[in-house]
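Just so it is clear, the values below take in all heavy atoms, side chains as well, and ignore hydrogens, waters and symmetry mates. This chain uses plain numbering: 1 for the first residue, then up along the sequence.
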Amino acid sequence: MLQIYNTLSRQKEYFKPLHEGHVGMYVCGPTVYGDAHLGHARPAITFDLLYRYLMHLGYKVRYVRNITDVGHLEHDADEGEDKIAKKARLEQLEPMEVVQYFTNRYHRDMELLNVLPPSIEPHASGHIIEQIAFVQKIMDKGYAYVSNGSVYMDVEKYAKDYPYGKLSGRNLEDIVTETRELDGQQEKKHSFDFALWKKASPEHIMHWPSPWSEGFPGWHMECSAMGTKYLGEEFDIHGGGMDLMFPHHEAEIAQSCAALGKESVRYWMHNNMITIAGKKMGKSYNNFITLEQFFAGKHELLAQPFTPMTIRFFILMAHYRSTVDFSNDALVAAEKGLARLTEAYQRLMKIKASANSTVEIGNLRERCQEAMDDDLNSPIVISHLFDSARAINTVFDGKGTISETDLAELRAVWKIYAMDILGLQLDGAQDASAGMDAYKGAVDMLLNMRLEAKRNKDWGTSDKIRNALTELGFTIKDTKDGFEWSL
Ligand code: ZN
């Protein structure tokens, strides 16, 4: 039976869904004002592993992962300005163009990492009405106050009725000294009060009408509103990176208890962080490496490019609650390990069965399941696969034999655990799609050369390219602004 570590109870608990056979799971998604980096890859892969395993166990899973596209206030040099709005202003774009651009790029990166898309991907900007209604509920229960058009959570009042800080293990005194949101300090009763709704300043371009002011919702509000909208007032799992535990998730608990009189989430799960050469990722360290930079090998900290599968494998080689330290050496080791598994998988598909087995395949299936049931222990699953790779190589090298039953079992377990659950593409699917891109790029390049030749009235070269491609079976059509081709 699956056990998962619940951050709230600080222990592993047997997972029992609220509704038999169904699981509702919510994960905090990206803020789309820049390219995804290694820090985005970890929660995406961690909760993809959970999603895949729950489906393997036979659950019908509704997986909600949001897109944060409004009012994400973090105090930095441009205190108070929404980062998406800022980017739009600087690049003279409509804010939703910025959102769409980075959302598309995020999706592409996730697809390359073989992260399955969630069942629902709601945008904060598309759920303003639900967020206003949620704020109103908190107002009606008397746990919020209006100040200068903004609405704040009355944390002191809330903390008299409910334990505030229990997820992150903080008390109000700790929170006073580390309050993050400097914005609006003079409007609040206490520094630890957080915004549920913010009145927009005149230069703020993303704003909506509300009973309190023309403004935008506080950052924590979207997850409370969208989580309960799609999964119900109570749901099973809420996940995210450990850095979101406070204030974000703590605030979500307070919002739910204040508005609904109960907690919405039964199991809180948090993945640990990625450090780079022992340091936190952060602007001040200038060590944000985007996923695109990893795939292309273009960053001063990178010695070479690393494929999306290597990044995925690297992250799964550590348990999700351990820290992962990025280094070139660690990634090179992951690359080698993945190559060994890929080779073993491809050999497993080639080897032939004999009358009986001289190699021991053990109870691989049970051992893999036991590891996954133990709070998604992916490194242990990987070590079992490596053990099994040794048996495969022995048979492949002709130093042992395997029976038909054992071979079928081994193939089934590798398919389930390596490919379906860990999500490793060991069958060369990724190489094939990379090859497809290269092939399309090469044809486009030839046709662009032909276009240039035509412009220069170099009919000899133009015809030569066209005839050669036609002979190879391509159909080329000249269009108004270039060409179209098919095979
Ligand atoms: Zn969230």
Side-chain angles (χ1 to χ4, degrees), residues 3-18 23-28 43 46-47 50 64 66 74 134-135 137-139 141-145 151-181 188-196 217-228 231-273 320-323 375-376:
Q3 283 194 81
I4 49 180
Y5 184 87
N6 191 344
T7 314
L8 199 57
S9 65
R10 289 177 177 69
Q11 60 189 10
K12 283 184 203 168
E13 292 176 14
Y14 283 105
F15 175 69
K16 263 185 92 167
L18 207 57
V23 178
M25 128 182 187
Y26 186 94
V27 173
C28 293
T46 298
F47 294 102
L50 175 62
V64 181
N66 67 307
E74 283 178 347
F134 211 104
V135 176
K137 274 189 199 159
I138 300 176
M139 286 286 289
K141 296 275 170 72
Y143 292 111
Y145 59 91
V151 183
Y152 292 99
M153 182 83 185
D154 191 339
V155 172
E156 193 181 50
K157 174 144 194 247
Y158 172 82
K160 285 191 180 118
D161 299 336
Y162 299 94
Y164 183 67
K166 63 177 178 173
L167 180 70
S168 57
R170 285 166 166 80
N171 58 39
L172 279 187
E173 289 89 84
D174 298 339
I175 295 166
V176 174
T177 53
E178 57 169 301
T179 300
R180 189 164 157 228
E181 200 186 0
K188 299 195 254 181
K189 284 198 219 166
H190 293 287
S191 64
F192 44 63
D193 293 347
F194 54 87
L196 303 175
W219 168 34
H220 317 304
M221 190 42 74
E222 63 183 76
C223 293
S224 287
M226 300 190 292
T228 52
L231 300 171
E233 286 190 358
E234 270 186 89
F235 59 89
D236 298 299
I237 299 169
H238 192 317
M242 238 170 70
D243 53 334
L244 294 180
M245 217 147 79
F246 186 88
H248 188 52
H249 292 160
E250 203 75 74
E252 271 188 56
I253 293 178
Q255 290 170 164
S256 282
C257 291
L260 312 169
K262 62 184 170 194
E263 294 197 32
S264 292
V265 178
R266 291 156 55 89
Y267 303 88
W268 281 96
M269 291 178 75
H270 292 93
N271 63 275
N272 212 320
M273 308 312 288
Y320 75 91
R321 284 193 289 117
S322 323
T323 53
D375 194 28
L376 313 179

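In terms of the side-chain hydrogen bond (donor to acceptor under 3.5 Å, both in side chains) criterion, Asn171 has no residue partners (sequence neighbours excluded).
The side-chain heavy atoms of Lys137 and Ser224, taken from C-beta on, include no pair separated by under 4.5 Å. Annotation: side chain of Cys223 is in contact with side chain of Asn66 (closest heavy-atom distance under 4.5 Å). By the 4.5 Å heavy-atom criterion applied to side chains, Pro17 and Val23 are counted as neighbours. Residues Val155 and His190 are not in side-chain contact: their nearest non-hydrogen atoms beyond the backbone lie 4.5 Å or more apart. Looking at Asp161 and Tyr143, their side chains come closer than 4.5 Å, going by heavy atoms from C-beta outward. Between Tyr145 and Lys157 the shortest side-chain heavy-atom distance does not fall below 4.5 Å. Arg170 is not listed as a side-chain neighbour of Glu250, based on a closest heavy-atom distance of 4.5 Å or more. Looking at Tyr162 and Ile253, their side chains never come closer than 4.5 Å, going by heavy atoms from C-beta outward.
Counting all heavy atoms, side chain and backbone alike, Asp236 lies closest to Gly24 at OD2-N, 3.0 Å. What you find for Ile237 and Val265 is that their closest heavy atoms are C-CG1, 4.4 Å. The minimum heavy-atom distance linking Trp268 with Asn6 is given by the pair N-OD1, 3.0 Å. When all heavy atoms of Asp375 and Tyr5 are compared, the pair lying nearest together is OD1-N, 3.1 Å. Across all their heavy atoms, Ser168 and Met245 have their closest contact at CA-CE, 4.3 Å. The shortest non-hydrogen separation linking Ala144 to Val151 is CB-CG1, 3.9 Å.
Atom CD1 of Ile138 is separated from atom CG of Asp154 by 11.5 Å, given to the nearest 0.5 angstrom. We find the OH-CG distance between Tyr158 and Leu172 to be 11.0 Å, quoted to the nearest 0.5 Å. Interatomic distance, CD of Gln255 versus CE of Met153, reported as 7.0 Å (0.5 Å rounding). Atom CD in Glu263 sits 8.0 Å away from atom OG in Ser256 (nearest 0.5 Å). The OH atom of Tyr164 sits 11.5 Å away from the SG atom of Cys257 when rounded to the nearest 0.5 Å. To the nearest 0.5 Å, atom CD of residue Glu156 and atom CZ of residue Phe192 are 5.0 Å apart.
Ring geometry for Phe194 versus His220: interplanar angle over 60°, hence perpendicular rather than tilted (30 to 60°).
Partner of Met242 under the side-chain contact (heavy atoms from CB on, under 4.5 Å) criterion, chosen from His249, His270, Arg321: His270. Of the options Met139, Glu222, Met226, Met221, a side-chain contact (heavy atoms from CB on, under 4.5 Å) to Phe134 is made by Met221 and by none of the others.
Not a single donor-acceptor pair under 3.5 Å links the side chain of Ser264 to the backbone N or O of Glu234.
Residues Arg266 and Glu13 are not paired through a salt bridge, judged by the lack of any N-O separation under 4.0 Å between the basic side chain and the carboxylate.
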